[in-house]
J.: 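Please read through the structure below; I'll follow up with questions.
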Amino acid sequence: MDSKRKPKSHPNEDICDMLNELANYENNVKRDVHRSRAYRKAAKTLSDLNYRVKSGEDAIKLPGIGKSIAAKIEEYLNTGEMKKLNAARKDDHFAIINDLTRVSGIGPVFAKELMESGITSIEELKKNIHLLNHHQKIGLKYLNDFEQKIPRSEMEQMEKFIKKVAKEIEKNIIITICGSYRRGLPESGDIDVLITDENSHNYLNLLVEKLTNKGFITDTIAQGDTKFMGVCKLQNFEKHRRIDIRFIPFNDYYCGVLYFTGSQMFNQEMRRHALEQGYTLNEHSLRKLGSTGVPGEPLVVASERDIFEYISFPYKEPSERNW
DNA sequence: ATGTGAG
DNA sequence: ACTCACATA
């Protein structure tokens with residue numbers, strides 16, 4: 001009922017997973033972005049196939065798959081494994097970097113630096129917090145909480161609370177909780193809050209201040225004029241949650257709501273369709289492309305439906321966007 | 001300005 | 001792919 005095209009279960013899924021794992025290895029451990037991209041591209045090609053590749057010879061004809069990746073596919077089809085992947089999985093550096101990057105704010109570059117200075121586990125990291133910046137300290141402090149999913153019932157209470165506080169500021173303030181919550185999923189990874197009002201007045205900082213004073217926002221990771229990133233917790237709840245709040249000018253609001261509601265795959269498909277119809281769609285605006293391919297002025301968008309209508313894309317409820 | 005990281 | 005924020009230079 002809710003989807004046409006899932007990323008899940010295509011005929012070459014096992015091979016794709018292995019190639020993507022190799023891509024991670026090349027990117028995070030070897031820092032070879034080109035090789036990493038090559039693996040990713042090959043995996044993407046395979047994931048779009050509706051039949052199973054039967055041999056390396058078969059695979060090498062496909063775009064993005066050359067001699068070396070074809071050989072690995074051949075090897076896997078014959079032996080059930082790839083030596084290179086086995087080696088990567090045994091590489092301690094891979095495991096260490098994967099562990100350290102669990103901390104929000106630690107990416108592969110800093111993880112590798114830490115490893116090279118002898119910090120090889122989260123435990124070690126806790127003894128060396130002086131090496132971390134503000135974001136990373138918060139990531140470490142709440143590491144366990146941030147790895148827990150948020151039940152829908154808790155999301156509902158947070159939504160109610162945030163909207164109540166917003167209304168105390170200005171009763172016509174517009175708030176939308178996006179992400180997987182808006183798509184109706186039973187759990188979410190974090191809370192993504194969009195805020196605007198009809199006059200595009202920016203209440204972001206005021207809202208953040210209020211939510212902080214009421215004890216809901218407990219930490220700030222980063223705060224600019226249009227985006228807040230931080231941590232929150234409801235009274236009577238145990239876990240701290242990642243929260244993002246962003247102000248979007250009213251004219252851009254529904255493009256933003258669409259974009260931040262996702263899913264990623266759905267967005268891709270929708271943008272692709274927009275292009276087909278001669279439009280370009282991004283998180284800010286929908287614009288018609290001229291004959292030269294130059295985008296015109298942003299179109300007036302007053303709802304998500306408007307966007308679908310402009311590009312003749314059958315309207316999908318958020319719960320139908322779980323692609 | 002540039003690199004890192006998040007989303 | 002693209003945007004934003006931050007840190008460092």
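Chain letters run A, B, ... following the sequence lines, proteins first, then strands; residues in each count from 1.
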J.: Using atom CG of A:Asn267 as one end and atom C1' of B:dG7 as the other, report the distance to the nearest whole Å.
T.: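 The answer, rounded to whole Å, is 12 Å.
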J.: Please state whether the phosphate of C:dA5, meaning OP1 or OP2, lies under 4.0 angstrom from any side-chain nitrogen or oxygen of A:His134.
T.: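 Answer no for this pair, as no side-chain N or O of A:His134 is under 4.0 Å from OP1 or OP2.
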J.: Among the candidates C:dT3, B:dG7, C:dA5, find the nucleotide nearest to the side-chain atoms of A:Glu283.
T.: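 The listed nucleotide nearest to A:Glu283's side chain is C:dT3.
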J.: Output the rounded distance in Å from CE (A:Met229) to P (C:dA7).
T.: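 Atom-to-atom, A:Met229 to C:dA7, this comes out as 12 Å.
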J.: Counting heavy atoms from C-beta on, name the nucleotide in B:dT4, C:dC4, C:dA5 closest to the side chain of A:His284.
T.: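 So the nucleotide nearest the side chain must be C:dC4.
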J.: If the threshold is 4.0 Å, N to carboxylate O, is there a salt bridge linking A:Glu26 and A:Lys84?
T.: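 Yes.
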J.: Please report, rounded to the nearest Å, how far the P atom of C:dC2 is from the CG atom of A:Leu281.
T.: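 Taking atom P of C:dC2 as the reference, CG of A:Leu281 is at 13 Å.
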J.: I need the NZ-P distance between A:Lys112 and B:dG3, as an integer number of Å.
T.: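 The answer, rounded to whole Å, is 17 Å.
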J.: Does a salt bridge link A:Lys127 with A:Glu124, judged by any charged N lying under 4.0 Å from a carboxylate O?
T.: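 Counted as a salt bridge, because a side-chain N and a carboxylate O are separated by less than 4.0 Å.
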J.: Students often get this wrong, so: under 4.0 angstrom with heavy atoms, is A:Gln223 touching a base, only sugar-phosphate, or nothing?
T.: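 Result for A:Gln223 = sugar-phosphate.
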J.: Choosing from C:dA5, B:dA6, B:dG5, which nucleotide comes nearest the side chain of A:Ala222?
T.: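 Output: C:dA5.
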J.: Report the distance from atom CZ of A:Arg287 to atom P of C:dC2, rounded to the nearest whole Å.
T.: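 Interatomic distance, CZ of A:Arg287 to P of C:dC2: 12 Å.
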J.: Mapping A:Arg37 and A:Ile221 to their closest nucleotides on DNA chain C, which lands nearer the 5' end?
T.: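 In this pair, the answer is A:Arg37.
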J.: Taking only N and O in the side chain of A:Thr226, is any of them less than 4.0 Å away from OP1 or OP2 of C:dA5?
T.: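 Affirmative; the distance criterion is met.
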J.: Side chain of A:Phe110 only, please: which of C:dC2, B:dG5, C:dA5 is the nearest?
T.: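 Of all the options, the side chain of A:Phe110 is nearest to B:dG5.
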J.: Reading DNA chain C from 5' onward, which residue's closest nucleotide shows up sooner: A:Gln264 or A:Lys227?
T.: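 That would be A:Gln264.
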J.: Write down the distance between CZ (A:Phe228) and C1' (C:dC6), rounded to a whole number of angstrom.
T.: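 In whole Å, C:dC6 C1' lies 15 Å from A:Phe228 CZ.
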J.: Classify the ring geometry between A:Phe94 and A:Tyr25 as parallel (under 30°), tilted (30 to 60°) or perpendicular (over 60°).
T.: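 Rings of A:Phe94 and A:Tyr25: perpendicular, as their planes differ by over 60°.
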J.: What nucleic acid atoms does A:Asp244 come within less than 4.0 Å of, heavy atoms only: base, sugar-phosphate, or nothing?
T.: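 Result for A:Asp244 = sugar-phosphate.
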J.: Would you say that A:Cys255 contacts A:Leu281 through its side chain, given a criterion of any heavy-atom pair below 4.5 Å between the two side chains?
T.: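 They are in contact (side-chain heavy atoms under 4.5 Å apart), so the answer is yes.
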J.: Would you tell me if any nitrogen or oxygen in the side chain of A:Arg271 comes within less than 4.0 Å of OP1 or OP2 on C:dC2?
T.: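 False: A:Arg271 side-chain N/O out of range (4.0 Å or more) of C:dC2 OP1/OP2.
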J.: Working note: A:Glu81 + A:Arg89, criterion salt bridge (Lys or Arg N to Asp or Glu O under 4.0 Å); need CA distance, chi angles, decisive distance, verdict.
T.: CA-CA 12 Å; A:Glu81 35 192 284; A:Arg89 284 173 175 166; over 6 Å; no
